[in-house]
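Okay, so here's the structure we're looking at.
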Amino acid sequence: MLDSNVAATPIIKRAPALPSPQYLTWDKIRKSKEGLELEVDLIAELSGEGLLKKGVVQPNVPGFGAFELACDEGTSIGGSDTAPAPLSYLAAGIGFCLLTHIHGLATSRGLKISSIRLEQKMKFQSRIPGMTAEEGAEMLGLSKGLETAIIIESDEDPAQIASLVEASEKACMALQTVVNAVPSSTIVINNGLKL
């Protein structure tokens with residue numbers, strides 16, 4: 001399904017298409033009275049030895065292509081550090097999505113902005129048996145917070161800039177995914193059978 005030769009391929013490249021799912025159904029984008037109902041679809045797998053993963057991801061929004069991504073972990077936990085780690089993609093996705101919303105809303109409000117830059121810190125806690133916890137301990141991962149600094153250069157009224165950022169944070173789907181509890185479900189397929 002996915003190319004496992006990371007050395008010969010870039011970490012991110014355009015994919016011809018998102019592979020078809022076996023167990024989930026990709027929904028089409030639709031309008032509702034609350035707004036656009038959209039999703040981002042991903043098919044991923046472990047790719048060879050270690051913790052290297054490859055996946056193809058695509059939003060179900062017209063005009064958004066499919067991309068193949070490589071993902072790894074650092075050497076300290078068994079990866080080979082050949083691609084960004086999953087939490088790196090998560091943090092980058094939140095920051096990039098927020099920048100998109102700030103730019104889009106500034107444009108729609110007619111605000112003149114010279115530059116927008118973001119600095120972000122996501123904090124986590126991890127308990128990995130044998131590495132960060134005693135053998136036999138249960139694995140545990142926690143989010144411990146998100147700090148963001150948005151640096152804007154503009155001659156606009158500071159109150160308008162503050163309003164712009166506040167509205168952008170509320171509009172940013174990636175940010176809202178981590179700052180609010182969201183519904184989640186998982187199915188497990190073992191040897192072709194749903195457990």
Side-chain angles (χ1 to χ4, degrees), residues 10-15 18 26-44 53-74 79 81 83-126 141-186:
I11 292 170
I12 300 172
K13 69 178 183 177
R14 183 168 295 277
L18 182 68
W26 302 150
D27 294 324
K28 294 186 183 295
I29 190 170
R30 66 182 185 86
K31 290 182 182 180
S32 71
K33 59 184 171 186
E34 289 84 29
L36 286 176
E37 305 288 331
L38 58 108
E39 63 190 38
V40 177
D41 302 317
L42 169 71
I43 293 183
K53 291 137 320 250
K54 298 286 286 251
V56 178
V57 63
Q58 182 174 18
N60 69 344
V61 179
F64 284 73
F67 286 87
E68 183 175 314
L69 310 174
C71 183
D72 203 350
E73 298 286 357
D81 201 28
L87 293 177
S88 298
Y89 281 113
L90 175 63
I94 292 166
F96 291 150
C97 188
L98 183 55
L99 285 171
T100 296
H101 284 283
I102 293 169
H103 175 269
L105 191 55
T107 300
S108 73
R109 290 182 176 183
L111 299 176
K112 291 181 178 48
I113 295 180
S114 303
S115 69
I116 306 169
R117 192 167 65 92
L118 177 140
E119 296 175 4
Q120 176 179 278
K121 175 169 52 172
M122 292 190 78
K123 301 182 209 178
F124 300 96
Q125 178 179 329
S126 178
L142 298 171
S143 175
K144 300 294 275 184
L146 173 66
E147 294 177 35
T148 306
I150 299 167
I151 302 98
I152 296 176
E153 296 295 325
S154 175
D155 291 331
E156 298 287 354
D157 178 359
Q160 287 185 311
I161 299 300
S163 171
L164 166 73
V165 171
E166 181 181 353
S168 297
E169 287 179 320
K170 290 177 183 175
C172 179
M173 296 166 279
L175 178 62
Q176 291 305 312
T177 298
V178 298
V179 299
N180 292 302
V182 296
S184 171
S185 67
T186 302

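- Pro84 is listed as a side-chain neighbour of Ile11, based on a closest heavy-atom distance under 4.5 Å.
- By the salt bridge (Lys or Arg N to Asp or Glu O under 4.0 Å) test, Lys144 is found to be paired with no residue, residues two or more places apart in sequence or in another chain being considered.
- Between Glu73 and Pro86, the shortest heavy-atom distance links the atoms OE2-CD, 3.2 Å.
- Ala167 is linked by a side chain to side chain contact (heavy atoms under 4.5 Å, CB included) to Leu105, Arg109, counting only residues two or more places apart in sequence or in another chain.
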**OP:** Apply the test side-chain contact (heavy atoms from CB on, under 4.5 Å) to residues Gln160 and Leu111: give CA-CA distance (whole Å), side-chain angles for both, the deciding distance (0.1 Å), then the verdict.
**Re:** CA-CA 8 Å; Gln160 287 185 311; Leu111 299 176; 3.6 Å; yes
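- Rounded to the nearest 0.5 Å, atoms CG (Leu42) and CG (Leu18) are 8.0 Å apart.
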**OP:** Apply side-chain contact (heavy atoms from CB on, under 4.5 Å) to Phe64 and Leu38, showing your working.
**Re:** CA-CA 12 Å; Phe64 284 73; Leu38 58 108; over 6 Å; no
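- Distance check: Cys71 SG to Lys54 NZ gives 11.5 Å after rounding to the nearest 0.5 Å.
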In residues 172-185, what donor-acceptor pairs under 3.5 Å come from side-chain atoms, sequence neighbours left out?
{"unit_1": "Gln176", "atom_1": "OE1", "unit_2": "Asn180", "atom_2": "ND2", "d": "2.4"}
{"unit_1": "Gln176", "atom_1": "NE2", "unit_2": "Glu169", "atom_2": "O", "d": "2.8"}
{"unit_1": "Thr177", "atom_1": "OG1", "unit_2": "Met173", "atom_2": "O", "d": "2.8"}

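- Of all heavy-atom pairs between Ile161 and Glu156, the closest is CD1-CB, 4.1 Å.
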Subject >> Verdict with reasoning, Val61 to Leu36, per side-chain contact (heavy atoms from CB on, under 4.5 Å) >> reply: CA-CA 10 Å; Val61 179; Leu36 286 176; over 6 Å; no
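- Distance CD/Gln120 to CG/Leu146: 5.0 Å, rounded to 0.5 Å.
- Under a cut-off of 6.0 angstrom, the local environment of CZ in Phe67 is crowded, with over 12 non-hydrogen atoms contributed by other residues, nucleotides or ligands.
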**OP:** Please test Thr148 against Ile94 for side-chain contact (heavy atoms from CB on, under 4.5 Å), starting from the C-alpha separation and ending with a verdict.
**Re:** CA-CA 10 Å; Thr148 306; Ile94 292 166; over 6 Å; no
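- The minimum heavy-atom distance linking Tyr89 with Leu69 is given by the pair OH-CB, 4.1 Å.
- Scanning all heavy atoms of the two residues, the minimum distance from Val57 to Val40 falls at CG2-CG1, 3.5 Å.
- In this structure, Ile102 and Leu164 approach most closely via the heavy-atom pair O-CD1, 3.6 Å.
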**OP:** Please report the C-alpha distance between Lys121 and Glu119 in whole Å, then the side-chain angles of each, then the deciding distance to 0.1 Å, and finally whether the salt bridge (charged side-chain N to carboxylate O under 4.0 Å, His left out) criterion is met.
**Re:** CA-CA 7 Å; Lys121 175 169 52 172; Glu119 296 175 4; over 6 Å; no
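- Salt-bridge formation is detected for the pair Glu147/Lys123: a Lys NZ or Arg NE/NH1/NH2 atom is positioned less than 4.0 Å from an Asp or Glu carboxylate oxygen.
- The backbone N or O of His103 lies less than 3.5 Å from a partner atom in the side chain of Thr107, making a donor-acceptor pair.
- Atom CD1 of Ile116 is separated from atom CD1 of Ile151 by 11.0 Å, given to the nearest 0.5 angstrom.
- Heavy-atom minimum distance, Glu39 versus Asp27: OE2-N, 2.9 Å.
- Heavy-atom neighbours of Asp157 CG from other residues, nucleotides or ligands within 6.0 Å: above the threshold of 12.
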Original post:
So Ser115 and Glu153, side-chain hydrogen bond (donor to acceptor under 3.5 Å, both in side chains) or not? Walk me through it.
Top reply: CA-CA 5 Å; Ser115 69; Glu153 296 295 325; 5.2 Å; no
